[in-house]
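A short worksheet on the structure shown next.
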Amino acid sequence: MKLPLSYYTNQDVIFLAQNLLGKVLFTEINGEITAGIIVETEAYSGIQDKASHAYGGRRTDRTETLYSPGGVSYVYLCYGIHHLFNVVTSVENDPHAVLIRAVEPLIGKEIMESRRKMPTTKAAISSGPGSAAKALGIDKSFNKKDLDGNEIWIEDQGITYNPDEIATGLRIGVAYAQEDALLPWRFFVKNNKYVSKPNKV
DNA sequence: GCCTAGATCATCT
DNA sequence: GATGATCTAGGCG
């Protein structure tokens, strides 16, 4: 059920961003397992995408992870407070990634509730990239982990959405990326309350 | 319910 | 030394 590394080496990051909807993201921390259904993603397409950290082939200590072969996690801190979780895809030296923006709590809800200090019935518990990562207990120590390991991994539990249940839209928070901000590379499940901000088309 | 402002720090210039 | 792939609380209507 765990997705094999070959799944992530697909070079079509747009396809993967779409295909990851409905997959289940697991983390295990100190023996505590939590999992959530992925309901919102964004594609970041390597060196040709101005919104990507690796735009233009930029390569620093931080972005080094993006150049890894697919199947590795990329976690970084944004605005000084929020940890954002990405899945590195494609092959080595091709810095594509999929940002996980929202999950629907599935397993270990009580653990998520204590981490977020709010009930899972409240959509805000895992809506938005910072919240989703926190609910799953993801922080910087999860950077550069293999996704077929036993700390963090993604499973296919047979959950699929009909094409008409999936919506696409503009990515969020990337206005500075100029024309690339207009690319419809955000994918989400329509009318799912755990999806952040505009969850309709 | 909607909008505005403030928090807070690793990373790059 | 500036800045951002954000969240939340609090004020107003």
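Chain naming here is simple, since letters A, B, ... match the order of the sequence lines and numbering starts at 1 in each. What you are looking at is a predicted structure, and each value in this text was computed from that prediction instead of being measured.
Within 6.0 Å of NZ in A:Lys134 there are 12 or fewer heavy atoms belonging to other residues, nucleotides or ligands. Counting heavy-atom neighbours within 6.0 Å of A:Asp164 CG, excluding the residue itself, gives a total above 12. When the shell of 6.0 Å around CG of A:Asp61 is examined, it contains 12 or fewer heavy atoms from other residues, nucleotides or ligands.
Between A:His82 atom NE2 and B:dG6 atom P the separation is 16 Å, expressed in whole Å. Between the CZ atom of A:Arg171 and the C1' atom of C:dG4 there is a distance of 15 Å, rounded to whole Å. When the P atom of C:dT8 is taken as reference, atom CD1 of A:Ile125 falls 10 Å away, rounded to whole Å. The NZ atom of A:Lys134 sits 8 Å away from the P atom of C:dT8 (whole-angstrom rounding). In this structure, A:Leu84 atom CG and C:dG4 atom C1' are separated by 10 Å, rounded to whole Å. As a whole-Å value, the separation of A:Tyr44 OH from C:dG4 P is 14 Å. Going from atom CZ of A:Arg59 over to atom P of B:dC12 covers 13 Å, rounded to whole Å. Between A:Ile81 atom CD1 and C:dT6 atom P there is a gap of 12 Å when expressed in whole angstrom units.
The closest side-chain donor-acceptor pair between A:Asn93 and A:Arg59 falls under 3.5 angstrom.
Stacking between A:Tyr79 and B:dA7 is absent: the ring centroid is not both under 5.5 Å from the six-membered base ring centre and under 30° in plane angle. Stacking annotation: A:Tyr76 is not stacked on the base of B:dA10 (requires ring centroids less than 5.5 angstrom apart and an interplanar angle below 30 degrees).
Aromatic ring pairs are classed by plane angle as parallel below 30°, tilted from 30° to 60° and perpendicular above 60°; the pair A:Tyr76 and A:His53 is perpendicular.
For the pair A:Arg116 and C:dC7, the criterion of a side-chain N or O lying under 4.0 Å from OP1 or OP2 is not met. Neither OP1 nor OP2 of C:dC7 sits under 4.0 Å from any side-chain N or O of A:Lys117.
The side chain of A:Ser131 has C:dC7 as its nearest neighbour among B:dT13, C:dC7, C:dA5. Side-chain proximity of A:Leu77 to C:dT8, C:dT6, B:dC9: nearest is B:dC9. Across B:dT11, C:dT8, C:dA5, the shortest atom-to-atom separation from the side chain of A:Met118 is found for C:dT8.
Judged purely by atom type and a 3.5 angstrom limit, A:Glu40 has no side-chain atom pairing as donor or acceptor with the backbone of A:Phe188.
At a threshold of 4.0 angstrom between heavy atoms, the contacts of A:Leu99 include nucleobase atoms, whether or not backbone atoms are also involved.
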Would A:Leu21 and A:Thr41 count as a side chain to side chain contact (heavy atoms under 4.5 Å, CB included) here? Give the steps.
CA-CA 7 Å; A:Leu21 293 175; A:Thr41 62; 4.2 Å; yes

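Counting only Watson-Crick or G-U wobble pairs whose defining distances are both under 3.5 Å, the stems of 3 or more consecutive pairs in DNA chain B are B:1-7 with C:6-12, B:9-12 with C:1-4.
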